[in-house]
Asks: 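Structure in structure tokens, see below.
Numbering of residues begins at 1 and proceeds along the displayed sequence. These numbers come from a predicted model, not from an experiment.
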Amino acid sequence: MAEKKVPLNSISLIFACGTALFSDGYANNVIGSVLERIYGTGSGGITTNYSTTLSSVAFAGTVVGMLSFGYLSDKVGRKFGMMSATGIVAIFSGLSAASSGANHSLDGMLAMLIACRFLLGIGVGAEYPCGSVSASEQSEEEGIAKNSQHRWLVLATNSMIDAGFVIGAFVPLVLYWIFGDNHLRAVWRLSLGLGVVPAVAVFFWRLRMEEPNRYKRDSMKHVRIPYRLVIKRYWRGLFGISLVWFIYDFITYVYNRFHAFLTSCSHTSRYPVCFYWTMTNFQSSHSAGTVVGAFFVDLLGPKVTIITGLLAQAVVGFIMSGLYTQLSQHIGAFAVVYGIFLSFGEFGPGNCLGVLGAKSGPTAVRGQYYGFAAAVGKIGAFIGTWVFPIIVTDFGGSSSAKGNTGPFWIGSGLAILSAIVVYFFVTPLDHDGMKEEDAKFREYLEAHGFDVSLMGLPEIETVSYAEGQEISSAIKDTDSETKV
């Protein structure tokens with residue numbers, strides 16, 4: 001029997017919700033060492049504190065966006081959150097490109113850039129509990145085959161982040177070819193400013209969208225959320241997903257130490273080489289792992305897939321650490337092994353944390369559930385930004401073999417710990433899992449005396465058929481009966 005074709009409109013809605021995560025990858029990757037090349041380093045230039053702060057404020061803004069819009073996504077609406085997020089990204093991408101200080105001072109310019117990056121981070125963070133959550137709800141709508149629900153969610157979200165990373169490396173390279181080494185100010189300003197384009201495009205794409213049907217049926221927009229009951233039922237899974245996300249983002253930053261081995265751009269002659277390795281090896285490895293993993297996550301299930309990816313990445317990480325001296329003398333071999341390592345990271349936790357975070361909780365608090373877990377992950381990355389240099393120093397400094405490999409022994413060990421946490425704390429996720437969980441959540445609330453008739457949007461009537469299927473139809477307001 002021929003496989004039923006998936007309606008294009010169904011897939012389009014999933015991508016309309018998740019595509020804006022492209023801005024996350026683009027915004028985080030587009031600012032590289034080009035500022036240091038232009039303004040110098042040390043006294044009178046860009047200091048290490050400025051560089052670290054620039055990275056850190058983006059994480060901080062993202063955390064604020066995840067937490068605040070997680071609540072707004074549940075209580076105001078998914079569409080409101082998505083439209084607000086793309087608007088914020090568009091505005092502050094443009095302002096980042098226009099950063100300037102009083103009397104053209106470097107400190108003033110960097111201060112404005114840091115402020116804009118923080119506010120941009122809020123918009124990027126808002127996409128997670130709004131866009132990703134909406135995409136997850138659309139992935140279980142009628143027309144999406146059960147054996148591809150997780151796949152489309154991954155392709156619409158995590159692959160978009162990876163695409164943003166790739167384009168974020170490619171755009172400055174093309175601009176560098178156009179303007180040359182003597183006009184790098186144009187390169188970095190245009191690179192940041194072009195971040196407006198995808199945000200505006202997605203904004204108009206989303207204009208005619210409605211709230212997902214699952215949100216219409218099972219939200220608590222107009223009723224007080226019983227947080228005590230929610231925490232009592234879901235704390236275990238939330239704890240497991242959040243802890244693994246924290247560790248994954250922390251060690252991902254640590255693993256970027258190997259990235260730095262090939263992408264040092266401190267000398268003019270190596271500047272194009274930096275972009276080449278960043279785009280062709282590192283970012284393409286992320287994309288390859290994401291796409292391949294997307295076709296396994298439905299087959300194996302998110303829980304098994306994430307454990308597989310974590311253990312495989314840990315093994316490759318141990319190998320890279322043990323053979324660092326030999327690999328560092330053969331840049332091609334190093335790049336290939338490191339690419340495999342990155343692919344396993346995306347194959348497992350990179351793909352599955354988002355799926356688990358978006359689909360493990362009930363619709364009523366899905367935005368807050370996902371936003372909290374993702375925020376904890378970003379906090380891990382934020383801490384890694386400041387802790388990693390200390391770890392390197394304690395292992396002997398960046399000029400020593402131990403300083404370069406020591407953190408990877410720690411990171412690989414933490415990957416194994418993450419796999420153990422997933423095994424004991426995370427519940428396996430089935431297809432149509434959100435529909436089943438919402439039904440169980442309603443039963444749970446009823447058993448504890450909560451009036452579930454108050455759930456959902458008032459203009460939506462949910463009808464159950466004998467075969468167990470649920471459909472929603474809008475109730476039209478009529479003041480008089482239809483005359484026959």
Side-chain angles (χ1 to χ4, degrees), residues 18 21 128 132-133 135-136 139 147-162 234-255 285-318 340-361 366 369-381 411-431 433-434 437:
L21 286 175
Y128 284 79
S132 293
V133 161
S136 72
S139 72
N147 61 356
S148 64
Q149 290 175 349
H150 303 329
R151 179 204 314 165
W152 289 118
L153 175 59
V154 168
L155 293 177
T157 54
N158 199 43
S159 68
M160 292 297 104
I161 299 175
D162 291 337
Y234 294 102
W235 74 267
R236 184 182 179 89
L238 181 59
F239 171 78
I241 295 170
S242 300
L243 179 58
V244 173
W245 215 326
F246 177 95
I247 295 173
Y248 175 67
D249 278 10
F250 178 83
I251 64 179
T252 296
Y253 181 85
V254 174
Y255 285 146
S285 297
H286 279 288
S287 298
T290 297
V291 174
V292 173
F295 288 87
F296 277 87
V297 69
D298 283 295
L299 180 64
L300 301 178
K303 181 173 181 176
V304 174
T305 305
I306 190 174
I307 291 175
T308 302
L310 284 167
L311 294 178
Q313 191 176 40
V315 170
V316 177
F318 283 135
I340 295 173
F341 169 81
L342 293 176
S343 296
F344 279 124
E346 291 301 292
F347 176 93
N351 280 351
C352 298
L353 282 170
V355 175
L356 290 167
K359 294 191 173 188
S360 295
R366 181 165 292 124
Y369 187 105
Y370 186 96
F372 179 84
V376 171
K378 285 298 181 183
I379 291 172
S412 296
L414 289 174
I416 294 176
L417 173 62
S418 296
I420 295 173
V421 172
V422 172
Y423 181 81
F424 286 105
F425 284 91
V426 177
T427 303
L429 190 64
D430 298 324
H431 295 110
M434 291 188 294
E437 187 55 45

Asks: Answer with yes or no whether the side chains of E437 and Y234 bring together a donor and an acceptor at under 3.5 Å.
Replies: yes
Asks: What pair of heavy atoms forms the shortest contact from S418 to V244, and how long is it?
Replies: O-CG2, 3.6 Å
Asks: Show the nearest heavy-atom pair for residues S132 and A358, with the distance to one decimal.
Replies: O-CB, 4.5 Å
Asks: Taking all atoms of both residues into account, what is the closest heavy-atom pair of V297 and H150, and its distance?
Replies: CG1-CB, 3.6 Å
Asks: Mind checking the NZ-CZ spacing from K378 to F250? Nearest 0.5 Å is all I need.
Replies: 15.0 Å
Asks: Of all heavy-atom pairs between A294 and L155, which one has the smallest distance, and what is that distance?
Replies: CB-CD2, 3.9 Å
Asks: Is it the case that over 12 heavy atoms from other parts of the model lie below 6.0 angstrom from the CZ atom of F246?
Replies: yes
Asks: Can you measure from CG (L356) to OH (Y369) and round to the nearest 0.5 angstrom?
Replies: 8.0 Å
Asks: Could you grab the distance from atom OG1 of T290 to atom CZ of F347, nearest 0.5 Å is fine?
Replies: 11.0 Å
Asks: Roughly how far apart are N147 CG and D298 CG, rounded to 0.5 Å?
Replies: 6.5 Å
Asks: Can you check whether F318 reaches I416 side chain to side chain, under 4.5 Å on heavy atoms?
Replies: yes
Asks: Just by distance, do the side chain of D249 and the backbone of G380 share a donor-acceptor pair under 3.5 Å?
Replies: no
Asks: Minimum heavy-atom separation for F344 and P349, please, with both atom names.
Replies: O-CD, 4.1 Å
Asks: Less than 4.5 Å apart, side chain to side chain, heavy atoms only: is that true for F295 and L299?
Replies: no
Asks: Could you tell me whether the side chains of S139 and Q149 share a donor-acceptor contact shorter than 3.5 Å?
Replies: no
Asks: Can you name the nearest heavy-atom pair linking I241 to L353, along with the distance?
Replies: O-CD2, 4.0 Å
Asks: Taking the side chain as C-beta and beyond, is there a heavy-atom pair between K303 and V422 under 4.5 Å?
Replies: yes
Asks: Give me the one residue out of S148, P302, S136 that meets side-chain contact (heavy atoms from CB on, under 4.5 Å) with L153.
Replies: S136
Asks: Would you say that T305 contacts N351 through its side chain, given a criterion of any heavy-atom pair below 4.5 Å between the two side chains?
Replies: no
Asks: Any chance you could measure K359, atom NZ, to H431, atom NE2, to the nearest 0.5 Å?
Replies: 7.5 Å
Asks: Could you check whether any side-chain heavy atom of I307 comes within less than 4.5 Å of a side-chain heavy atom of L311, counting everything from C-beta outward?
Replies: yes
Asks: Taking the six-membered ring for Trp, are the ring centroids of W245 and Y370 within less than 6.0 Å of each other?
Replies: yes
